[in-house]
Amino acid sequence: MITDDNAALAVQGLTKRYRPEGAPAVVDLSFTLPRGATWGLLGGNGAGKTTTIAMLLGLLVPSGGRILALGHDMAVDRFAALARMNFSSPYVALPHRLSVAENLMVYAHLYGVPKPRQRIEELAEQLQLTDLLKRPAGELSAGQKTRVALAKSLVNRPDLLLLDEPTASLDPDTGDWVRSWLERYRAESGCAILLASHNMAEVERLCAEVLVLRAGRVVDRGSPSALLERYGRDDLEEVFLDIARERGNAAERADGSAEQMA
Amino acid sequence: MSGASAGRRVWGLMYRHLALYRRSWPRVLELAYWPVLQMVVWGFVTAYLAGVQNNVASVAAGVLLGGVLLWEVAIRSQMGFAISFLEEVWSRNLGHVFVSPLRPMELVAALVAMSALRMFAGVLPAVGLAWLLYGFGLWTLGPVIVLFFAGLMMMGWAVALAVTALILRHGAGAEPLAWSVLFGLTPFAAVFYPVSVLPGWLQPVALMVPAAHVFEGMRGVLLDGTIAWGHLAAAFGLNLVWLAGAVALFLRQFQAARERGALLSIGE
């Protein structure tokens, strides 16, 4: 039974099977994301990151387990939580024919944002979108679309932000700008952020804690520095490869148990 | 959660569609294209009939043109609802919509409101043109026309909800139903002829269709000058049953889509 109502997100035993006889996409996932922290979900394709985020957002019904988002049980009271959460993903589009301002206005209304015009101007200024407000969303570059998606995800000043690969398909400069912006925003707003990413440098830079997923299971977890130390590596990419290829951590490699496991 | 908050969310989704129409005059034009075209074609048919059989000219004009225009109310209501939903699917925007605090029934309310706006934008020009070209004013049916419109709109929404539920269940494969399904009901809706013309075994089927009662009511007004309250009551009673069934189906398929993870991939 999870009781940590003060956590931004408290997850216990979260499991998803798309088919009763099929392999589970996520198995027995448990964690507690503190308010104001940024945590990462790390894993390869098919590891269960997107499935996990979809369940946390109420888009997908779990097969088992429980989610408390901002103190609300997502199984019974998800709309109260969703009003204080938001989400961004490069794989979910905003209507292309609507202008940036119109798109943001739609979501300002959906989230019941007071003084929506003022909020949109504020976000546009912060995310350097002022000159883009009247342009159709479909005519923007990948970097501009990412900033618009970020503005959409912040329109309601969320207490919990879920980001699915926030810098995918961005050039290094734009990616760095987004990461800096997210760091600053979290520090200023106290918003908790859970991000799923393939980008090890991003996870290393932004996240206080990392959950490493493989085949739907958490196979390791810890701060980026703790993972680097445990695996005896210089960067998270090498740690990721050790985990993905089941080479084990430094101690397991030393005593040969990792090869036996693999 | 207050009604004002719910209203704001409904307006948010409506605003999304209205902004789309503001930016695209072909979409606005398309709304009136088919109703006007249907009315023009049937207007000429009526004029031809009037030429060969003068004694039935005014009755034929009323029954045929009234039927055409009122049937468009149901068709445009159904298509307005279903296509507004499909706009979300096509723009791959459902993931954002369904992680907002918008409740499923608020989504339905927004689609109903958009459907009504689209229907009026499409049918009212055709009504005006019928008067200008053929001297047929739909309003000559009297205030009961409001009930005819309401009955046919409700049936359109019920069918559209069922179509939307099928799109949630079957994805892109069910999209063509948004355009075709109500045309398939035309023979049973008794748009241009009374239910009694149908074979005996088909009549009970037709009498389960709300529109059949509306059109019986319309013919009652045009031919006898009387309002068939029994038919109108049957139309609204059936509409409530159809709507209840369609809402239940929609909510069930929405929940099933959440269990399958289809809300993110629908339309792909």
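Keep in mind that what you see is a predicted model, and the values were worked out from it rather than measured.
Here the shortest heavy-atom pairing between B/E259 and A/L60 reads O-CD1, 3.8 Å. Residues B/P101 and A/F79 approach most closely at O-CD2, 3.6 Å, considering heavy atoms.
Sparse packing is recorded around CH2 of B/W34, with 12 or fewer heavy atoms of other residues, nucleotides or ligands lying under 6.0 Å away. Crowding of B/F44 atom CZ: a count of heavy atoms from other residues, nucleotides or ligands under 6.0 Å not exceeding 12. More than 12 heavy atoms of other residues, nucleotides or ligands lie within 6.0 Å of CZ in A/R214, so this atom counts as buried by the packing criterion. Within a 6.0 Å sphere centred on CH2 of B/W25, other residues, nucleotides and ligands contribute 12 heavy atoms or fewer. By the 6.0 Å contact criterion, CZ on A/R217 is open, its count of non-hydrogen atoms from other residues, nucleotides or ligands being 12 or less.
When the candidates A/T50, A/V106, A/L162 are compared by the number of heavy-atom contacts under 4.5 Å with chain B, A/V106 comes out ahead. Chain A forms more heavy-atom pairs under 4.5 Å with one residue of B/E87, B/E88, B/R23, B/Q255 than with any other, namely B/R23.
Of the inter-residue distances, the one linking B/S100 atom OG with A/H109 atom NE2 reads 13.0 Å to the nearest 0.5 angstrom. In this structure, OH in B/Y15 is found 7.5 Å from CG in A/L98, a value given to the nearest 0.5 Å. Between the CZ atom of B/R260 and the OH atom of A/Y18 there is a distance of 11.5 Å, given to the nearest 0.5 Å. Atom-to-atom distance recorded for B/W11:CH2 and A/M105:CE is 10.5 Å, nearest 0.5 angstrom. To the nearest 0.5 Å, atoms CG (A/N103) and OG (B/S91) are separated by 9.0 Å. Considering CG of B/L94 and CG of A/L59, their distance stands at 9.5 Å, rounded to 0.5 Å.
With a 4.5 Å cut-off on non-hydrogen atoms, B/L20 touches chain A through its backbone and its side chain both. With a 4.5 Å cut-off on non-hydrogen atoms, A/S99 touches chain B through its backbone and its side chain both. Of the two parts of B/V97, the backbone and the side chain both hold a non-hydrogen atom closer than 4.5 Å to a non-hydrogen atom of chain A. Proximity to chain B (any heavy atom under 4.5 Å) is restricted, for A/R78, to the side chain, taken from C-beta onward.
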For this session: Please step through side chain to side chain contact (heavy atoms under 4.5 Å, CB included) for the pair B/R27 and A/R97, ending with a clear verdict.
Result: CA-CA 12 Å; B/R27 283 173 197 265; A/R97 291 183 187 278; 3.3 Å; yes
*Does the salt bridge (Lys or Arg N to Asp or Glu O under 4.0 Å) test come out yes or no for A/E102 and B/R16, once each step is laid out?*
CA-CA 7 Å; A/E102 287 166 344; B/R16 175 250 191 277; over 6 Å; no
Item to complete: Show your reasoning for whether side chain to side chain contact (heavy atoms under 4.5 Å, CB included) applies to A/L82 and B/F98.
Response: CA-CA 10 Å; A/L82 287 174; B/F98 288 134; over 6 Å; no
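Of the possible donor and acceptor atoms, none in the side chain of B/R9 sits under 3.5 Å from a partner among the backbone N and O of A/Y111.
Ring pair A/F87/B/H96 is tilted by interplanar angle, where 30° to 60° counts as tilted.
Side-chain contact between A/V92 and B/N93 is absent, with no heavy atoms from C-beta onward closer than 4.5 Å.
Within residues 247-254 of chain B, the residues having any heavy atom less than 4.5 Å from a heavy atom of chain A are, in residue-number order, B/F254.
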